[in-house]
Structures are given as C-alpha cells and as structure tokens.
Amino acid sequence: MKKVLSGMRPTGKLHLGHYFGVLKNWLELQEKHDCKFFIADWHALTNKYKETDELKENIRQMIIDWLSCGIDPEKATLFIQSGVKEHAELALLFSMITPKSWLELNPSYKDLKFNLYYQYLRDFLAGKQVKINQTPPPESFDEALEKATGKQKNKIFEEYLREAFHRAFYNKKGIDFKWLKEVLIKLGLQKKIVEEAVKNLEEGDVGKDIDTLGFLAYPVLQAADILIYKAEAVPVGEDQLPHIELTREIARRFNNLYDQIFPEPEAMLTEESKLPGIDGRKMSKSYNNAIYLSDDTETVNKKVMEMKTDPQRVRKTDPGNPEVCIVFEYHQLFTDRQTISDIDTKCRKAEIGCVECKKILAENINRFLDPIRERRKEIEKDLPKYEKVFQDGTEKARAIASDTMMEVRKAMKLWEF
Ligand code: SF4
C-alpha cells in the first residue's frame, strides 16, 4: 500500500473524458492504496485568476461528480486545497530553494504556451473562413511544402498548420514569426489574413494570462501539495512527468540543505483518455463537444445523434469504415464485444445504418450513466451533508500537513511561535 496523492482543478462540470482519463483510475487506486484526492482550487487560479465568479459552484459540482462516480470518503481522504493553508507555506519555502531556471525550462510551461498560441491561430483562421481540413493529409509536411505553389486557396490541413506552428514555436531563438508567415502563405493561405493573425500573435494579448509569477511557479505549489503529505506515488499522464521530476528535485534539494524529511515520489503513469468529443476533437468544455456526467438521457441521445461518423459514408447503402468513425470509438468503451464485432461487420457491408448504430450507443452510454445519475440525485437532495464530507477530509489532511510543517520549520531553524 502506497501513499498516493492526486488532484483536479475545478474548472467546471466533469465529462466522460474526465471519467475515463482520471476518475476510473482513482476508483481502482482507492481500493489498493492510501489515497488523498483533492480539489485544486488554488491551481485553478494560475491561469483563470480573472474568472472567480464560478469557482465555488465549480467546487460544488466537482464534489457531486466525484461522489456520484463512486469516489469514496471511507476509502480515500477527500479535501479542498485552499482549506489547508500549509500548502501555501510550504510552497513559499520551496520557492526560496528552487532555481528560477528549473521553472523556465519546464517543458509543460512551454507546451501550455504553445497550445494557447496555436489555439488562437487556429481559431483566428477559422473565423476568417479558412477551411481547416481535419482528415490526415496525403503527404508529409515537408513534401507538401516542397510542392506548394502559394496559389491562394485558403484551405489547409490541420496537421500542416500545427506542424508549421510547431517548427516556428520550438525555435532556439524564440518564436520565428517571419518563417511562419512565409510558410503559411506558401501553403496557400491569403497573405492579408496570415499577416493579421501573426501580427496579433506577436503584439496581442495571447498568452498574457499565463505571464504571471503564479503560473510560472505552479509546479512549486504542486511539489508542496505532494510533499506535504509525503506522498510516495502520484498518478499522472505523460505530459506531467516533468512536474514530478521537479518535485523530486525539490525534495532532494531540501533534504540536502536541511534534513531528510521528504521521500522522492514516483510517477504512476496513467494512460490519457483517448475519448474524443462528439466532433472528433479533444473532448473539452471550450469546444462545446463534451458529454457530461450530469447530462440527462435526452441530452445524451441528442449529442450522440450529432456525432461525426465515417465522412465517406453519405448514404445508408454506402459501405462504411468503422476505423475512422467516432461512434465506433465510443462503442469500444460502452458496448459489449459481440455487438461491436457485429457493428464492425455490418457497417462494412452497409447492413446497418448510422442512426441505428448511434441509437445502440446512446442506449449504452445512458445505461452507464444511470447509476451515476441516481447517486447525483441523492447527493443533490442533501448537498450540505456531502460538502461536510469534504470539510472533514480537509481537517484530516490539515492535521497531517501541520505535522509536516512542524518538521520543516524545525529543520530550517525557523522562528517557533
Ligand atoms: S454504422 Fe456505426 S460505425 Fe459505421 S459509420 Fe455508421 S456510425 Fe460509424
């Protein structure tokens, strides 16, 4: 049995992507380990510090979502980060011993910046009626670039757009906007639109929200979250590995400087949910393409009917290809093996229509969500009782955090009050 710690930012109600990416894993972990799961409300402020109106409600929704999915306060300690002020104290002390370069070189900081900029560029072009094709391109980026004539079509494969921006962004000398402009024009986008987009990127407000000390230093807060409970293992996706490494480095540095207090936690690598949104892009609230754990039957039916299918299958009599169909991807998680195999065969022979196929899926998603909905109703009837569960968990966490801080203050020879 290991001491495991994991948290989630309260940014809104949870969807199926959260369930299969995080909660499902937590349900297994709480059976085998000493788990602490926390609502990372301070972390939500690192890039959403302007949007605090909904924070309390988001925390409430998170409490309901976790408990209705079966996260169990009898098996794990559930708490709210900002209720344990010791996290902030330890983060402050860690910030004294953390070299700035460790944070600036942190790849996830750069990646987040990349995503923000890229998303802006993509949305800007889409807003200017540039057709961004999401199907895989016929040739590699380099081949396409070699053949490109610059003839203005105002169409581009998403993959080329991403690759072009990737090369411009991860440049040793900083973002190479000049090169990006030339390449996008060469690939067929209108010069005027490209110039406007790049100018906005260079001079506009994109990325400003993460240009704060809080954002840069959030891995230090994360290290404090983990080490204050002397957690031995942290379930993370691959993209979070650098953060765990940083936590280990901070623990090492503290132990060397003062006293051997902190264990070096290991990363428990978890697979990221591959479940796409109903339009095929990453499932996300901002794309408006998510199926929420709180959606009712009708909403789920409607969303499933809107799902993208094999784009080549126009009529029911056309044979389909389940391998490129989102509905089929969902079946893998919600439908039994035999039915999946039948759909696979029948789709390829045009013996099943997409509407019928979607009806089966909607029914199965609803069957999966029904018990969660039932528990949600129960919890909503007496929410204060369930909020109290988190308050009790926060007290429990605070007692442990407080003991660690006594050790830390003593090791650092700080003033004792
Ligand atoms: S029948 Fe099902 S798997 Fe085949 S294309 Fe239609 S929705 Fe997709």
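Just follow the structure's listing: the first ligand is 1, and inside any ligand the first atom is 1. Being a predicted model, the structure only gives us computed values, none of them experimental.
Protein heavy atom closest to atom 8 (Fe) of ligand 1, with residue, atom name and distance, is Cys325 SG, 2.4 Å. Nearest protein heavy-atom neighbour of atom 6 (Fe) of ligand 1: Cys354 SG, 2.3 Å. In terms of protein heavy atoms, atom 4 (Fe) of ligand 1 is closest to Cys347 SG, 2.3 Å.
With respect to the salt-bridge test (charged N to carboxylate O, under 4.0 angstrom), the residues Arg248 and Glu245 qualify. Salt bridge absent: Glu195 and Lys181 never bring a charged side-chain N and a carboxylate O closer than 4.0 Å.
Here the CD1 atom belonging to Ile291 is positioned 9.5 Å from the CD atom belonging to Glu306, to the nearest 0.5 angstrom.
The only option from Glu203, Glu202, Glu196 that meets the salt bridge (Lys or Arg N to Asp or Glu O under 4.0 Å) definition with Lys199 turns out to be Glu203.
Residue Cys357: an N/O/S atom is found under 2.8 Å from atom 2 (Fe) of ligand 1.
With Arg373 contributing its side chain and Asp295 its backbone, the two residues share a donor-acceptor pair below 3.5 Å.
Close contacts of ligand 1 with Val327, meaning ligand atoms under 4.0 Å from a residue heavy atom, involve 7 (S). Here is the list of ligand 1 atoms found below 4.0 Å of a heavy atom in Thr309: 7 (S).
The side-chain tip of Arg167 does not point at the ring of Phe114 from less than 6.0 angstrom away and within 45° of straight on.
At least one heavy atom of Arg313 sits less than 4.0 Å from an atom of ligand 1.
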